[in-house]
Amino acid sequence: MDDSSALARLDRRVADCRACPRLVEWREEVARTKRAAFADWTYWGRPVPGFGPADARLLIIGLAPAAHGGNRTGRMFTGDRSGDVLYQALYDVGLASQPTSVSADDGLELYGVRVSAPVHCAPPANRPTPGERDTCRPWLVQELKLLRPTLRAAVVLGSFGWQAALPAFAEAGWTVPRPRPAFGHGTRVAFDGLDLFGCFHVSQRNTFTGRLTPGMLREVLRTAATAAGLP
């Protein structure tokens with residue numbers, strides 16, 4: 001089985017996971033009740049797998065799908081304001097085929113980049129518990145192992161993702177520095193042929209207040225793409 005087939009198989013297994021009762025109940029309730037603006041949608045209502053090629057050189061790690069974004073569309077950072085900011089920036093730096101991401105069948109392609117998260121189900125109030133994070137970690141570990149032959153850089157969005165990603169990288173076989181490096185916007189840590197970058201999350205709280213501007217996001221993505229050997 002080649003890496004592409006193995007990753008596709010992993011994605012299917014992720015989408016069938018029911019390990020966290022609170023998250024299962026929430027994501028399915030949201031899919032039933034919907035938001036008025038999306039009343040004509042059939043919500044995905046399941047765990048959302050990663051998105052992007054199996055030979056990605058750059059991985060972007062978020063937090064978890066949004067209730068009416070990824071939980072509705074079935075694709076990471078798709079159909080919500082955070083995704084609007086992220087995919088516009090990826091397009092601006094030449095890593096995406098289009099600046100918008102509205103549905104899983106909109107034709108969007110990522111160039112050498114994959115997007116994933118440490119928690120694959122939409123959590124209430126966008127806040128997974130530490131236990132839910134730890135229960136979901138094996139999926140990220142398996143994804144990292146499959147990506148390792150080509151992966152050269154990763155951008156982690158936010159401190160929650162950073163705290164979840166470091167042990168996942170360690171379990172996947174990378175030697176993570178000790179003490180573990182602290183999160184910060186623009187932080188860069190090198191280990192085992194991989195450069196890890198910290199970036200403020202593309203949440204509305206950060207983008208609406210100017211804590212994270214489009215220019216700041218593009219700068220991190222450009223630097224990470226260069227480290228990954230992407231054009």
Side-chain angles (χ1 to χ4, degrees), residues 1-20 23 46-65 70 74-77 86 90 95 104 109-121 123 128 130-181 183 187-199 220-221 224-230:
M1 181 181 296
D2 61 25
D3 290 342
S4 178
S5 298
L7 194 58
R9 185 165 176 255
L10 176 66
D11 289 345
R12 289 193 296 271
R13 291 172 57 212
V14 167
D16 287 337
C17 184
R18 300 183 64 84
C20 299
L23 297 186
R46 300 165 64 191
V48 181
F51 168 58
D55 60 351
R57 299 181 66 86
L58 172 62
L59 178 66
I60 297 173
I61 300 173
L63 191 162
R75 192 170 72 190
M76 284 287 178
F77 282 107
L86 177 62
L90 286 170
L95 298 176
E109 293 182 51
L110 300 183
Y111 304 137
V113 179
R114 186 169 169 87
V115 181
S116 192
V119 175
H120 286 276
C121 291
E132 289 161 351
R133 174 200 65 198
D134 295 345
T135 297
C136 206
R137 181 182 297 143
W139 295 125
L140 181 57
V141 171
Q142 292 177 63
E143 189 172 16
L144 289 171
K145 288 180 177 179
L146 291 172
L147 294 172
R148 182 159 188 172
T150 58
L151 193 63
R152 297 295 175 265
V155 173
V156 182
L157 303 173
S159 58
F160 182 97
W162 184 268
Q163 293 165 5
L166 289 175
F169 275 104
E171 288 183 35
W174 278 272
T175 301
V176 177
R178 285 190 171 276
R180 288 177 178 165
F183 171 79
T187 295
R188 180 173 182 171
V189 181
F191 50 86
D192 290 355
L194 182 137
D195 286 289
L196 186 68
F197 296 84
C199 179
V220 172
L221 292 175
T226 298
L230 292 171

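These numbers were taken from a predicted model, which means no experiment stands behind them.
Side-chain atoms of Arg57 never come within 3.5 Å of backbone atoms of Gly112 as a donor-acceptor pair (strictly under, hydrogens ignored). When atom types are taken as modelled, the side chain of Trp162 and the backbone of Pro181 share a donor-acceptor pair closer than 3.5 angstrom. Formation of a donor-acceptor pair under 3.5 Å by the Thr150 side chain with backbone atoms of Ala56 is found in this model.
The two residues Gly161 and Val156 have their closest heavy-atom pair at C-CG1, 3.2 Å. Looking at every heavy atom in both residues, Val48 comes nearest to Gly70 through CG2-O, 3.4 Å. Nearest approach of Ala153 to Phe197, heavy atoms of both residues: CB-CE1, 4.3 Å. Residues Ser116 and Gly50 share a closest heavy-atom pair of OG-CA, 4.2 Å. Across all non-hydrogen atoms, the minimal contact from Pro118 to Cys136 is O-CB, 3.3 Å. The minimum heavy-atom distance between Cys17 and Pro47, with the atom names listed, is O-CG, 3.4 Å.
The distance from the CG atom of Asp192 to the CZ atom of Phe169 is 11.0 Å, given to the nearest 0.5 Å. Here the CD-CZ distance, from Gln163 to Arg180, works out to 10.0 Å after rounding to the nearest 0.5 Å. Note that NE2 of His120 and OG1 of Thr135 are 12.5 Å apart. Values are rounded to the nearest 0.5 Å. Rounding to the nearest 0.5 angstrom, the gap separating the OG1 atom in Thr187 from the CG atom in Leu196 is 9.0 Å. Going from atom CG of Leu147 over to atom CG of Leu10 covers 9.0 Å, rounded to the nearest 0.5 Å. Distance check: Asp55 CG to Arg114 CZ gives 11.0 Å after rounding to the nearest 0.5 Å.
Listed by chain and residue number, Arg22, Thr129 satisfy the side chain to side chain donor-acceptor pair (under 3.5 Å) test with Glu132 (two or more places apart in sequence, or in another chain). Residues passing the side-chain contact (heavy atoms from CB on, under 4.5 Å) test with Leu63 are Pro128, Phe160, His201, sequence neighbours excluded. The side-chain contact (heavy atoms from CB on, under 4.5 Å) test applied to Arg12 returns Ala8, Arg9, not counting sequence neighbours. Applying the salt bridge (charged side-chain N to carboxylate O under 4.0 Å, His left out) test to Asp134 and every residue at least two apart in sequence or in another chain returns Arg137. Every side chain to side chain donor-acceptor pair (under 3.5 Å) that Arg18 has, sequence neighbours left out, goes to Glu28.
A donor and an acceptor atom, one from each side chain of Arg13 and Gln142, are located under 3.5 Å apart.
A 4.5 Å side-chain heavy-atom check between Val176 and Val189 finds every atom pair outside the cut-off. Taking the side chain as every heavy atom from C-beta outward, Ile60 and Leu90 approach each other to under 4.5 Å. With contacts defined as side-chain heavy-atom distances shorter than 4.5 Å, the pair Val14/Arg46 does not qualify. Put simply, the side chain of Val113 reaches to within 4.5 Å of the side chain of Leu230, judged on heavy atoms. Using a 4.5 Å cut-off on side-chain heavy atoms (C-beta onward), Leu110 and Phe51 make contact.
Among residues at least two apart or in separate chains, there is no salt bridge (charged side-chain N to carboxylate O under 4.0 Å, His left out) pair with a member in residues 146-168.
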